[in-house]
Amino acid sequence: QVQLVESGGGLVHAGGSLRLSCAASGRTVSTDVMAWFRQAPGKEREFVAAIRGSVGFTYYADSVKGRFTISRDNARNTVYLQMNSLKPEDTAVYYCAAAPWARLQNVRAVTEYDNWGQGTQVTVPS
């Protein structure tokens, strides 16, 4: 089992930037798919971005493409989400998730991940 701890959330005005971090412990996640999801009040948890460890392939939701960038530092067992040009609709709790690539069938599906962090709040006032 892997433990995931997110950090870097906060309040930022529209157009601003934040960088979220997700530190993994318990085992290396260098070959896992690491993903970010978010959940706004009253809404279901939704996919934001993912990165495949061994080759660095990245996946993005259409709503964040061109504004958010996912990256990883395998030496630090950490994944990042750089969020630029933030909008009020980006307000949510952001969760980090991990799953072995070999088991995944859909990197965008919440149900595919069994390791989750506690979440970090991102607020962009309107």
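Small disclaimer: the values here were computed from a predicted structure and weren't measured.
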Closest heavy-atom contact between [X] and [Y]?
X	Y	value
Ser30	Asn77	N-OD1, 4.2 Å
Arg38	Tyr94	NH1-OH, 2.9 Å
Ala92	Ala40	CB-N, 3.8 Å
Asn106	Glu112	O-CG, 3.2 Å

* Taking atom CZ of Arg27 as the centre, does the number of heavy atoms from other residues, nucleotides or ligands within less than 6.0 Å exceed 12? ->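 Result for CZ/Arg27: enclosed.
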* Which value, rounded to the nearest 0.5 Å, describes the distance between Ile51 atom CD1 and Asp32 atom CG? ->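 Taking CD1 in Ile51 and CG in Asp32, the distance rounds to 12.0 Å.
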* To do: Supply the atom-to-atom distance Asp90 CG to Thr123 OG1, rounded to the nearest 0.5 angstrom.
  =>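 Interatomic distance, Asp90 CG to Thr123 OG1, rounded to 0.5 Å: 11.0 Å.
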* **Set of ring pair (Phe, Tyr, Trp, His ring centres under 6.0 Å) partners for Phe37, sequence neighbours left out** =>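 By the ring pair (Phe, Tyr, Trp, His ring centres under 6.0 Å) rule, Phe37 matches Phe47, Tyr113, Trp116.
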* Do Glu89 and Thr91 have side-chain N/O donor and acceptor atoms under 3.5 Å apart? ->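 No pair is found: no donor N or O on one side chain lies under 3.5 Å from an acceptor on the other.
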* Asked: With no hydrogens and no angle check, do the side chains of Ser17 and Asn84 hold a donor and an acceptor under 3.5 Å apart?
  ->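 A donor-acceptor contact under 3.5 Å links the two side chains.
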* Asked: Considering residues at least two apart in sequence or located in another chain, which fulfil the side chain to side chain contact (heavy atoms under 4.5 Å, CB included) criterion with Ser25?
  ->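 Applying side chain to side chain contact (heavy atoms under 4.5 Å, CB included) to Ser25 gives Gln3.
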* **Within 45° cone and under 6.0 Å: Arg52 NZ/CZ vs Tyr59 ring** =>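 Ring-cation test returns no.
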* Only pairs at least two apart or in different chains count here, so list each ring pair (Phe, Tyr, Trp, His ring centres under 6.0 Å) that has a residue in residues 60-89. =>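 Qualifying pairs, neighbours excluded: none.
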* **Lys/Arg N to Asp/Glu carboxylate O, Asp62 vs Lys65, below 4.0 Å** =>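 Yes, charged N to carboxylate O under 4.0 Å.
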